[in-house]
Amino acid sequence: MPLVSISLRAGKPEAYRQAIFDSVYQAMRETFNVPENDQFMTIREHDAANFRYDPTYQGVSRSDDVMFIQITANNTRTLEQKKAFYRRLVDLLGERPGVRPDDVFISLVEVAKENWSFGHGLAQYA
């Protein structure tokens, strides 16, 4: 049950943002074994004054199209699954909506299963 938060500069059309959602979901389904319909994602758009990044940190050449993708997920994935996810997501975003690999910044936050409540005040995984 990954929870995905995506931040990017304001101004992209709806089709571009929907393609991001679709690419993230497809990559999670293919590499993280996420069940069908397990889609909990947001996109937050920021104006230039409220969006800062280093254009060359770690030898990566970022543009104003950089996006920050933070995924909170159970700590059950292997290192190989994580690497496969990062690679697959970059490939899919490159295909649609056309994001450069250097503009995809991913942060995976892993939590224990008991740290989720999907509603009703219950810890469904505990």
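Of the possible polar contacts, none joining the Arg9 side chain to the Asp64 backbone as a donor-acceptor pair under 3.5 Å is found. Checking side-chain atoms of Gln81 against main-chain N and O of Thr78 turns up a donor-acceptor pair under 3.5 Å. Side chain of Arg96 to backbone of Ile20: no donor-acceptor contact under 3.5 angstrom is found.
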Evaluate the side chain to side chain contact (heavy atoms under 4.5 Å, CB included) criterion for residues Leu3 and Ile71: first the C-alpha distance (whole Å), next the side-chain angles of each, then the deciding distance (0.1 Å), finally the verdict. CA-CA 6 Å; Leu3 178 62; Ile71 300 164; over 6 Å; no
Verdict with reasoning, Val99 to Asp65, per side chain to side chain contact (heavy atoms under 4.5 Å, CB included): CA-CA 8 Å; Val99 179; Asp65 288 331; 5.8 Å; no
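Under a hydrophobic-cluster definition in which Ile, Leu, Val, Met, Phe, Trp and Tyr are linked whenever side-chain heavy atoms come within less than 4.5 Å, directly or via other members, Leu79 and Leu108 are assigned to different clusters. Val60 and Leu89 are assigned to two separate hydrophobic clusters, defined by single-linkage of ILVMFWY side chains at heavy-atom distances under 4.5 Å. Both Met1 and Val111 are members of a single hydrophobic cluster when ILVMFWY side chains are connected at heavy-atom separations under 4.5 Å.
Taken to the nearest 0.5 Å, the NZ atom of Lys82 stands 7.5 Å off from the CZ atom of Phe32. Interatomic distance, Met28 CE to Arg77 CZ, rounded to the nearest 0.5 Å: 8.5 Å. Between the CG atom in Leu8 and the CZ atom in Arg44 there is a gap of 11.0 Å [rounded to 0.5 Å]. Going from atom CE of Met67 over to atom CD1 of Ile43 covers 7.5 Å, rounded to the nearest 0.5 Å. If you take CG on Leu92 and CZ on Arg87, they are separated by 10.5 Å, rounding to the nearest 0.5 Å. Taking OG from Ser23 and CZ from Arg88, the interatomic distance works out to 8.5 Å, rounded to the nearest 0.5 Å.
Taking each heavy atom of Phe85 and Ala27 in turn, the nearest pair found is CE1-CB, 3.7 Å.
Arg100 meets the salt bridge (Lys or Arg N to Asp or Glu O under 4.0 Å) test with Asp102, Asp103; sequence neighbours excluded. Scanning for side-chain contact (heavy atoms from CB on, under 4.5 Å) contacts around Phe68 gives Ser7, Phe51, Tyr53, Val66, Phe105, with sequence neighbours left out.
Ile6 is listed as a side-chain neighbour of Val24, based on a closest heavy-atom distance under 4.5 Å. Counting heavy atoms from C-beta on, the side chains of Pro2 and Val34 come closer than 4.5 Å.
Within a 6.0 Å radius of OH in Tyr57, other residues, nucleotides and ligands contribute 12 heavy atoms or fewer.
The stretch residues 114-126 participates, sequence neighbours left out, in these side-chain hydrogen bond (donor to acceptor under 3.5 Å, both in side chains) pairs: Asn74-Trp116.
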